[in-house]
Amino acid sequence: MQLSTTQKIVRFFSSPSKFEKMMHESKLYRFDCDCGQTASIWDIGGIRYKAYGKPTTLVKCPHCKKIAMRKIYKAEV
């Protein structure tokens, strides 16, 4: 999978170990779409690291391509 522009910039300015931590944590933050699919923030080209809360934000589902307000949550490990 290719990195988004945001992910490339963060990779350039951070150490490899820090970037791996960011990638791992970003994959834990997910959202559910009306199409029944779940996607991570990393899958849509974003980064969420050392964050808290459950924000509602405008996201585009990578499966059905629908743009809508979705609640972001951290998946339990």
Side-chain angles (χ1 to χ4, degrees):
M1 183 176 155
Q2 284 195 335
L3 299 177
S4 70
T5 302
T6 303
Q7 292 167 340
K8 287 177 185 176
I9 291 169
V10 171
R11 182 182 63 181
F12 181 78
F13 286 107
S14 62
S15 67
S17 62
K18 180 69 79 175
F19 185 73
E20 286 295 320
K21 290 177 187 176
M22 288 181 195
M23 181 175 66
H24 176 71
E25 190 165 336
S26 295
K27 288 181 179 182
L28 294 177
Y29 282 95
R30 310 187 79 60
F31 67 92
D32 299 322
C33 183
D34 293 336
C35 69
Q37 298 292 323
T38 301
S40 73
I41 294 301
W42 186 262
D43 293 339
I44 62 170
I47 293 178
R48 189 159 168 87
Y49 181 61
K50 291 190 176 185
Y52 59 91
K54 295 180 181 179
T56 301
T57 188
L58 191 65
V59 293
K60 181 178 180 181
C61 177
H63 306 288
C64 69
K65 309 298 185 218
K66 184 177 178 184
I67 299 171
M69 296 297 285
R70 302 283 177 223
K71 182 157 302 268
I72 308 297
Y73 63 92
K74 188 172 184 179
E76 298 300 321
V77 180

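Note that the structure is predicted; figures quoted are calculated from it, not measured.
Once rounded to the nearest 0.5 Å, the distance linking CG of Leu58 with OG1 of Thr56 reads 11.0 Å. Between atom CZ of residue Phe31 and atom OH of residue Tyr73 there is a gap of 9.5 Å, rounded to the nearest 0.5 Å. Atoms CG and CD, from Leu28 and Glu76 in turn, are 9.5 Å apart once rounded to the nearest 0.5 Å. Going from atom CE of Met23 over to atom CD1 of Ile47 covers 10.5 Å, rounded to the nearest 0.5 Å.
For Gln37, the side chain to side chain contact (heavy atoms under 4.5 Å, CB included) criterion is met by Cys35, His63, not counting sequence neighbours. The side chain to side chain contact (heavy atoms under 4.5 Å, CB included) test applied to Ala68 returns Arg70, not counting sequence neighbours. In this structure, the side chain to side chain contact (heavy atoms under 4.5 Å, CB included) partners of Ser17, at least two apart in sequence or on a different chain, are Ser15. Residues that satisfy the side chain to side chain contact (heavy atoms under 4.5 Å, CB included) test with Lys21, not counting sequence neighbours, are Tyr49. Partners of Ser40 under the side chain to side chain donor-acceptor pair (under 3.5 Å) rule, at least two apart in sequence or in another chain, are Asp43. With sequence neighbours left out, Phe19 forms a ring pair (Phe, Tyr, Trp, His ring centres under 6.0 Å) with Trp42. Qualifying salt bridge (charged side-chain N to carboxylate O under 4.0 Å, His left out) partners for Lys66, counting only residues two or more places apart in sequence or in other chains: Asp34. Partners of Thr38 under the side chain to side chain donor-acceptor pair (under 3.5 Å) rule, at least two apart in sequence or in another chain, are Asp32.
Hydrophobic side-chain contacts under 4.5 Å tie Tyr52 to no other Ile, Leu, Val, Met, Phe, Trp or Tyr residue.
Here the closest non-hydrogen pair linking Pro55 and Arg48 is CD-NH2, 3.3 Å.
Annotation: salt bridge (charged side-chain N to carboxylate O under 4.0 Å, His left out) contacts involving residues 50-61, sequence neighbours excluded, are absent.
Put simply, the side chain of Glu25 reaches to within 4.5 Å of the side chain of Lys74, judged on heavy atoms.
Linking ILVMFWY side-chain heavy atoms closer than 4.5 Å, directly or via other members, places Met22 and Ile9 in two distinct hydrophobic clusters. No chain of hydrophobic side-chain contacts below 4.5 Å, direct or via other Ile, Leu, Val, Met, Phe, Trp or Tyr residues, connects Phe13 to Val10.
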